[in-house]
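First the proteins, then the strands, lettered A, B, ... as listed; each starts at 1. Atoms considered below: every heavy atom in the structure, side chains included; atoms not considered: hydrogens, waters and symmetry mates.
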Amino acid sequence: MQLSMTTAAGSGVPIAPVREPIVEVRNVSKLYGNTVVALQDIDLSFEKGHLTSLLGPSGCGKTTLLKIVAGLLQPSSGEIRVKGKPVNGPGAERAFVFQDFALMPWASVLENAAYGLKVQGVAKSEREDRARHYIGEVGLHGFEKKYPHELSGGMRQRVGLARALAVDADILLMDEPFSAVDEQTRRKFQEDLMHLREVENKTFLFVTHSIEEAVYVSDRIVLLSPRPGRVSEIIDPQISREISPDDLRRDENYLDTVERIWTGIKKYVE
Amino acid sequence: MTLYGYHVPKMASLIVWVILWEIVGRFGLLMLFPPFTEVIAAMGEVVTSRSFAEAIRITVISYLLGLALALVLGIPLGFLMGLSRAADKLLNMWVNTFLSAPLSALVPVFMILFGLGTPTVVVTVFMFAVWIIVLDTRAGVRHVAPSLLEMSRSFGASWPELFKIIFLAALPEILAGIRLGMIRGVKGVVIGQLLVSIIGVGALFSLYQQNFQMAHFWALVLLLFACALSLAELVARLEKRIQYYAGERN
Ligand SMILES: Nc1ncnc2c1ncn2[C@@H]1O[C@H](COP(=O)(O)OP(=O)(O)OP(=O)(O)O)[C@@H](O)[C@H]1O
Ligand SMILES: [Mg+2]
């Protein structure tokens, strides 16, 4: 475990130490019932301002880990620290983006995007102003009065994103946010996400099971292995930010990294 | 409906039945059925009579009381069963039993318990309406998307806020339950009054029957049908307004 924190196992390429950890996962284990070991002894630090992906085959505990960090689930043992302080519940520094969007069907786009602020007790006019700003930011300007059922899947997830951004949390936790949208929308989303990271200066924890997506968007990839869920490898893709999406798919470094991760995961998939 | 390529409106089949009724009545084929036109004429008389106004008043009051009771007790009970597994285990069997039991058979028991008056009718309405409200509320609460609650919790929502989310998310099912409950309640109020038979519409029915005023009798039946159907239609409209998001939650 300690070894994989400092070198990427298998390749011998050293990975950078975490200089400014904003989220720390300390010895976290999670059991469902008394038999299912979803996570075992997870020890991780997440760099402030970086996008870290959790990647691994189905059932390896990605969602479980993310929800523990979010404070939505309690770990069976171990602790979570956010900005150095132990936490055991949800908090204003963290916001969650859901795989199924989790929008309220009875509420308009504006009300949905402002919901987090409402729960936090922000006055109506202020929360609507802020929600409007982020609705524009995610490209939904003009859709404020629409209802979720009037939007496409991609647009719904943008509302979910606006809602998470509106509370101005430092850490965004995203559980396969793009898995329920089509491929074109997904690519657009990935670019938007990278843009957001530049301008919003937020920390992203991002769950995906697309290797390509993880390599493309991440500063760091944490590979998890299943039964029990453990960290099997840590990889810094180091894809140049300047590279265009089209050139990317021919980039040697990109292809190598994808290949390496695939080799690491393959044995669990069969 | 189409017949020989012509579009026939839904009401047309009703007209066929009315004509059939008229014929049966005209030829006195069945003693119980006076001609339809006579029934219509009697309807005017029934509606304007004082005993009808009184019967309607008492019927509406017992109906509304029983329904209110069913809502006030049924919705919280459904919530409880939807939220707590223990409560559900304890109650589910009974609620389902009462839902499908022949409740009319219980009315004599209510008569013993509550006397030969309005309270018995109120209880009958309640018993007819409440169980479907409980079960639909329970189903609605059960089916609230877990992610919606997690979403709310992730922003630090307190219990009342979570409760609000559950309620709004379950609202389409709750309303469906209320609509069915209202329709069953109509059955309850009629059956209750018929069996008690000295108050409200029930008293009117026995009066017409005893004096063999079959036209009046059927006029009253038609009026009750019309009332029940308009009531159901009214609630269905209300429900439709909220329906649009019911299909959005799978
Ligand atoms: N509520 C629960 N009760 C029991 N077992 C659970 C529960 N939630 C998850 N598990 C089990 O824990 C393990 C990890 O689940 P988790 O959902 O975290 O995996 P995941 O990596 O997110 O998978 P996927 O890629 O399919 O989303 C799985 O074996 C799963 O079956
Ligand atoms: Mg998952």
Side-chain angles (χ1 to χ4, degrees), chain A residues 63 66-74 87 89-108 111-122 127 146-151 153 156-157 159-161 163-164 166-169 171-177 180, chain B residues 75 78-79 82-86 88-89 136-179 235-250:
Chain A
T63 299
L66 201 68
K67 284 187 179 166
I68 288 175
V69 172
L72 292 170
L73 281 178
Q74 293 300 323
V87 294
E93 351 64 45
R94 287 156 289 156
F96 207 100
V97 177
F98 292 84
Q99 181 171 9
D100 65 355
F101 323 136
L103 299 182
M104 302 175 290
W106 58 86
S108 68
E111 288 163 330
N112 267 295
Y115 182 75
L117 294 167
K118 185 182 171 201
V119 170
Q120 292 173 1
V122 177
R127 70 171 184 254
K146 295 267 188 243
Y147 283 82
H149 69 104
E150 300 174 288
L151 307 179
R156 288 183 208 182
Q157 191 53 293
V159 180
L161 194 58
R163 178 177 59 199
V167 292
D168 203 21
I171 304 150
L172 283 175
L173 308 166
M174 311 174 104
D175 189 7
E176 301 193 35
Chain B
I75 295 175
F79 252 87
L83 292 176
S84 147
R85 295 232 164 238
D88 193 46
K89 275 217 176 99
D136 275 12
T137 304
R138 169 188 176 272
V141 170
R142 279 268 162 115
H143 289 148
V144 175
S147 69
L148 211 52
L149 293 176
E150 282 178 335
M151 185 280 289
S152 191
R153 275 176 56 215
S154 79
F155 292 114
S158 55
W159 247 110
E161 184 61 41
L162 288 174
F163 204 74
K164 210 170 113 188
I165 293 273
I166 297 175
F167 180 77
L168 287 169
L171 196 54
E173 277 92 348
I174 297 178
L175 283 177
I178 292 177
R179 179 169 56 86
V235 190
R237 282 215 186 149
L238 193 75
E239 211 184 331
K240 221 172 251 166
R241 290 186 145 192
I242 324 215
Q243 266 301 309
Y244 67 83
Y245 73 73
E248 283 299 307
R249 292 170 308 167
N250 25 39

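No donor-acceptor pair closer than 3.5 Å links the side chain of B:R153 to the backbone N or O of A:P90.
Among A:V97, A:L117, A:V119, the residue making the largest number of heavy-atom pairs under 4.5 Å with chain B is A:V119.
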Give the table of side-chain donor-acceptor pairs shorter than 3.5 Å for residues 156-172 of chain B, with sequence neighbours excluded, one pair per line with atom names and distance.
| from | atom 1 | to | atom 2 | distance (Å) |
| --- | --- | --- | --- | --- |
| B:E161 | OE2 | A:Y115 | OH | 3.0 |

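Checked against ring pair (Phe, Tyr, Trp, His ring centres under 6.0 Å), B:F155 has no partners two or more places apart in sequence or in another chain.
How far CZ of A:R163 is from OG of B:S154: 7.5 Å, rounded to the nearest 0.5 Å. Here the CG atom belonging to A:D175 is positioned 9.0 Å from the CD atom belonging to B:E150, to the nearest 0.5 angstrom.
Only the backbone of A:L103 comes within less than 4.5 Å of a heavy atom in chain B; its side chain stays farther off.
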